[in-house]
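The structure under discussion appears below in the form of structure tokens.
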2 protein chains.
Amino acid sequence: MRQLDPQIAQDRKRRVLQWVVQNYIHTSRPIASSIIAEEAGLDLSSATIRSILSELEQEGYLVQPHTSAGRVPTDRGYRFFVDYLENVQRLASGEKEQIEKQYCNRLEELDRVLAHTSRLLSTVSHSAGLVLSPRSEAQGLKRLELIGLGGNRVLAIIVTKAGQVRHWPLQLSFVPNEARLRALNRFLNEHLEGKSIREVRSLLAEQLEQAEREMRELQDFAHTLLGELESAVEPDELFLDGATSVVARAEEFEDTREIHSLVRVLEERKVLADMLQEQFRKQLDAAKAGGAPTVRVMIGGENTLPELKHLSLVTTTYCAGDRLVGLLGILGTKRMEYSRMMSLVEYMGRIVSRSLEAWDVEPEGKPKRIPR
Amino acid sequence: MRQLDPQIAQDRKRRVLQWVVQNYIHTSRPIASSIIAEEAGLDLSSATIRSILSELEQEGYLVQPHTSAGRVPTDRGYRFFVDYLENVQRLASGEKEQIEKQYCNRLEELDRVLAHTSRLLSTVSHSAGLVLSPRSEAQGLKRLELIGLGGNRVLAIIVTKAGQVRHWPLQLSFVPNEARLRALNRFLNEHLEGKSIREVRSLLAEQLEQAEREMRELQDFAHTLLGELESAVEPDELFLDGATSVVARAEEFEDTREIHSLVRVLEERKVLADMLQEQFRKQLDAAKAGGAPTVRVMIGGENTLPELKHLSLVTTTYCAGDRLVGLLGILGTKRMEYSRMMSLVEYMGRIVSRSLEAWDVEPEGKPKRIPR
DNA sequence: ATTAGCAATCAACTGCTTCGACTGCTATTA
DNA sequence: TAATAGCAGTCGAAGCAGTTGATTGCTAAT
């Protein structure tokens with residue numbers, strides 16, 4: 001025979017690797033050379049496959065659990081598989097419809113949309129669904145309103161442009177009557193609309209020193225609200241559903257200690273939320289540079305959190321109006337159907353973004369009721 | 001020897017059973033007669049213990065996993081143990097302080113208190129913590145307010161007497177100016193304050209037909225809000241934390257199918273919430289008859305949900321103001337420290353009730369800041 | 001009524017063997 | 001010289017026998 005084209009050799013190797021990963025994902029059993037020879041349709045004998053496999057192992061794409069076993073992908077193997085995915089598996093159009101139905105174009109609050117989304121991600125993927133909500137601190141305000149609750153109590157309500165609603169009960173140091181409250185409200189909205197909570201904070205702290213005489217109470221109020229804002233800048237809110245199913249499927253963990261540290265991470269949320277925030281920042285930068293929002297996959301040990309080393313994370317960004325504001329995705333076994341999951345996540349990102357557009361668009365027509 | 005007093009015999013039996021359950025809870029190993037003879041301090045030989053054990057087994061309090069093994073409590077055994085708990089294990093005062101610290105007497109919204117409580121229950125108990133929030137439907141309103149969001153959009157906000165805040169964005173069929181909104185607000189609050197959401201619903205539906213001419217818009221509004229109220233009567237809200245740790249500790253489950261059905265119940269929440277609602281109703285009735293709120297324990301198969309047959313549920317009611325409004329508790333292995341858990345749950349019930357009192361009391365003084 | 005003693009049971013462990021699922025190597029082939 | 005067939009080697013999984021030790025139930029003695 002003539003010299004084998006090295007290009008063809010590479011190509012063959014790639015095909016084998018892909019076949020191994022694909023099938024390992026489905027069967028969760030180590031893949032043997034004979035099976036590949038028989039079923040992969042490469043027209044090669046098992047012996048040839050074996051030599052290819054051993055090369056792939058040397059290059060770090062595969063490992064053997066033990067000598068007399070088939071091959072299993074390493075993180076690197078999965079990585080290759082994901083990077084060179086061909087025939088991307090789209091969501092079935094039935095599924096799309098199912099999902100779409102959940103997002104009838106009804107006016108909904110951001111938080112409700114997000115909570116719902118994380119559930120949906122979880123149920124469709126059979127993994128954990130997660131959504132990182134926008135940092136409320138940075139969002140522009142639409143309204144800041146005070147509602148009297150009797151006595152010196154008021155409920156401070158903030159509605160952001162993206163449709164997030166936050167509220168804190170306050171105890172003022174004076175008892176405002178209705179007229180006063182109204183005046184306060186007007187004043188606040190005139191001066192604060194469009195500002196971010198962060199800005200509001202500094203404005204309240206500084207500028208209001210010079211408020212008109214008759215607005216003296218404002219200072220008291222400002223002081224109270226400031227305190228609340230400070231403590232109430234909630235840790236970035238994370239919607240997480242389906243965590244239990246991830247734990248339930250975690251047989252493959254070597255150690256029970258590993259399971260428990262995973263549980264801790266999933267329960268405390270703080271660490272997870274920080275990690276996702278970091279991830280969001282990265283994808284934000286990438287999007288600025290590259291244009292369209294992309295789906296990112298972190299496989300096993302690629303995750304910054306060691307507790308997630310047996311899991312993979314698939315994420316994308318979503319926007320409210322025209323700004324990227326948050327991250328959503330799924331967290332599941334390394335043995336997930338990457339193609340489908342990536343499609344799912346991408347699709348959900350688009351859907352969520354679209355359903356959050358509504359808040360910045362001018363209103364029209366009657367509200368639509370959803371059918372049960 | 002003289003005839004053994006049957007009273008003494010019963011007493012001895014009880015002591016043995018208690019010792020078995022207690023020690024099984026701690027060691028999770030079947031308990032052998034010899035150990036009891038040596039360590040329980042009953043001054044009986046292992047042979048005597050054995051005959052006692054076999055009686056207890058015949059009566060259904062204990063079982064043997066296999067012939068040559070020690071005894072393990074049945075649900076009935078646990079039940080006995082719980083019903084005749086002596087030397088109730090109080091919470092360490094250090095722990096109480098820890099908990100107390102979390103509930104500084106600050107004005108907090110109901111939902112935040114409850115969410116926090118379920119977390120706390122979970123971390124202290126190392127089980128799942130759960131809190132069923134009051135049915136917002138039945139609560140009395142404190143305020144119903146509309147905030148204009150521009151165009152025909154308003155945010156409808158309901159504050160209940162217990163301190164729950166609910167809000168829905170609405171699209172009206174007309175564009176209200178500020179004065180109109182104010183008039184609407186005044187009208188609504190005058191007519192609806194103190195009513196429950198359920199009542200509001202019927203009021204809106206009927207009485208407002210006869211609203212003054214100039215309040216014609218009200219009808220439109222009412223119609224819109226009605227729609228929302230209908231669909232937004234949220235399924236009873238359930239705060240649930242620590243579910244993953246329950247799943248992680250579920251080794252003792254016979255079947256993986258069992259684990260998966262448990263996971264489903266924990267994820268979907270609906271079934272769980274309904275069960276807890278039912279449980280709440282029962283405890284409510286009991287409280288009406290008996291006076292003080294009590295802690296209830298459901299052990300394994302006693303639970304109405306078959307998925308929980310390997311778990312135990314410890315619950316109590318809490319009140320907002322002077323009415324019992326919700327349920328809280330923990331869900332964990334049958335092998336839990338019942339005494340401690342019951343103390344914990346009872347204590348948390350009291351603490352939550354106390355910290356929800358604030359909303360009905362007349363306000364006083366300056367708000368307190370919590371230290372970080 | 002209690003106990004000591006003893007036979008019986010059975011999971012858990014050990015060691016041994018077989019089986020078969022793989023691989024890696026090597027000589028052969030086209 | 002790339003691909004293959006064939007074969008020896010490795011090793012887990014499964015099955016089996018034998019041992020150990022924990023624990024019981026029974027019975028006869030106290």
Side-chain angles (χ1 to χ4, degrees), chain A residues 1-13 15-17 19-20 23-24 27-59 61-74 251-252 254, chain B residues 1-13 15-17 19-20 23-24 27-59 61-74 251-252 254:
Chain A
M1 265 195 194
R2 65 192 176 293
Q3 169 84 9
L4 184 61
D5 184 346
Q7 187 55 48
I8 292 183
Q10 273 314 107
D11 194 60
R12 211 170 53 178
K13 216 149 135 182
R15 298 267 287 279
V16 170
L17 179 50
W19 201 91
V20 170
N23 282 269
Y24 181 69
T27 64
S28 82
R29 308 228 170 287
I31 308 296
S33 59
S34 55
I35 300 278
I36 305 177
E38 284 166 28
E39 301 186 4
L42 288 171
D43 268 331
L44 290 174
S45 78
S46 66
T48 315
I49 302 286
R50 274 201 289 283
S51 77
I52 297 177
L53 288 178
S54 97
E55 285 177 49
L56 284 168
E57 178 160 12
Q58 283 206 325
E59 293 164 33
Y61 293 106
L62 299 174
V63 273
Q64 290 180 280
H66 55 264
T67 325
S68 69
R71 276 12 190 248
V72 162
T74 60
E251 318 98 4
E252 26 207 87
E254 273 113 59
Chain B
M1 271 189 194
R2 65 195 177 291
Q3 169 83 9
L4 183 61
D5 184 347
Q7 188 54 49
I8 292 183
Q10 271 314 105
D11 194 62
R12 211 170 54 178
K13 218 149 136 183
R15 298 266 287 279
V16 169
L17 178 51
W19 202 91
V20 170
N23 282 269
Y24 181 70
T27 64
S28 84
R29 305 229 172 288
I31 307 297
S33 58
S34 55
I35 301 277
I36 306 177
E38 283 166 28
E39 300 186 4
L42 288 170
D43 267 332
L44 290 174
S45 78
S46 67
T48 315
I49 301 288
R50 273 201 289 282
S51 78
I52 298 177
L53 287 178
S54 95
E55 284 176 50
L56 285 167
E57 178 160 12
Q58 283 206 324
E59 292 164 34
Y61 293 106
L62 299 174
V63 273
Q64 290 179 279
H66 56 263
T67 325
S68 69
R71 295 324 206 275
V72 162
T74 59
E251 317 98 4
E252 26 206 88
E254 273 112 61

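Just so we're on the same page: letters track the sequence lines, and every chain starts at 1.
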Legend entry - Heavy-atom pair of closest approach, residues A/Tyr24 and A/Pro73: CD2-CD, 3.4 Å

Inset, instruction - Go through the steps for B/Val20 and B/Leu53 under the test side chain to side chain contact (heavy atoms under 4.5 Å, CB included), then give the verdict. - result: CA-CA 9 Å; B/Val20 170; B/Leu53 287 178; 4.1 Å; yes

Inset, instruction - Write down the atom of A/Ala37, the atom of A/Leu44, and the distance for their closest heavy-atom approach. - result: CB-O, 3.5 Å

Inset, instruction - Under the side chain to side chain donor-acceptor pair (under 3.5 Å) rule, collect the residues that match up with A/Gln64, sequence neighbours excluded. - result: none

Inset, instruction - Taking side-chain contact (heavy atoms from CB on, under 4.5 Å) as the test, write out the residues that go with B/Thr27, two or more places apart. - result: B/Arg29, B/Ile31

Legend entry - Value in whole Å for how far the P atom of D/dT23 lies from CD of B/Glu57: 15 Å

Legend entry - From A/Glu57 atom CD to A/Glu55 atom CD, the distance as rounded to the nearest 0.5 Å: 11.5 Å

Legend entry - For atom CG of A/Leu53 and atom P of D/dT4, their distance in whole Å: 14 Å

Legend entry - Contact summary for A/Pro65 and A/Val72, nearest pair of heavy atoms: CG-CG2, 4.0 Å

Inset, instruction - Measure the distance from CZ on B/Arg50 to C1' on C/dG5 and round it to the nearest whole Å. - result: 10 Å

Within the sub-3.5 Å range, which N or O atoms of nucleotides 11-18 of chain D have a protein N or O partner, and how far apart are they?
from	atom 1	to	atom 2	distance (Å)
D/dC11	O2	A/Ser68	OG	3.1

Inset, instruction - Establish, with yes or no, whether the OP1 or OP2 oxygen of C/dT2 is under 4.0 angstrom from a side-chain nitrogen or oxygen of B/Arg12. - result: yes

Inset, instruction - Using a 4.0 Å heavy-atom cut-off across all strands, classify B/Ser51 as base, sugar-phosphate, or nothing. - result: nothing

Inset, instruction - Name every residue in residues 35-47 of chain B that has at least one heavy atom under 4.0 Å from any atom of DNA chain D, in order of residue number, or write none if there are no such residues. - result: none

Inset, instruction - Return no unless some side-chain N or O of A/Arg29 is found under 4.0 Å from OP1 or OP2 of C/dC22. - result: no

Inset, instruction - Find the distance B/Ile52:CD1 to D/dT23:C1' and express it as a whole number of Å. - result: 17 Å

Inset, instruction - Provide, to the nearest angstrom, the distance between the CD atom belonging to A/Glu55 and the C1' atom belonging to C/dT23. - result: 15 Å

Inset, instruction - Using atom CG of B/Asp11 as one end and atom P of C/dA1 as the other, report the distance to the nearest whole Å. - result: 17 Å

Inset, instruction - Would you mind listing every side-chain hydrogen bond (donor to acceptor under 3.5 Å, both in side chains) that reaches into residues 31-42 of chain A, with sequence neighbours excluded? - result: A/Ser33-A/Arg50

Inset, instruction - Give a yes/no answer on whether the side chain of A/Ser33 brings an N or O atom under 4.0 Å of OP1 or OP2 in C/dC22. - result: no

Inset, instruction - Could you work out which one of C/dG24, C/dC22, D/dA3 sits closest to the side chain of A/Thr48? - result: D/dA3

Inset, instruction - List in chain and number order the residues that pass side-chain contact (heavy atoms from CB on, under 4.5 Å) with B/Ser45, two or more places apart in sequence or in another chain; answer none if no residue qualifies. - result: B/Ala47, B/Thr48

Inset, instruction - For B/Arg71 and D/dA22, give me the distance from atom CZ to atom P, rounded to whole Å. - result: 18 Å

Inset, instruction - Could you tell me the separation between the CG atom of B/Leu62 and the P atom of D/dG25, rounded to a whole number of Å? - result: 11 Å

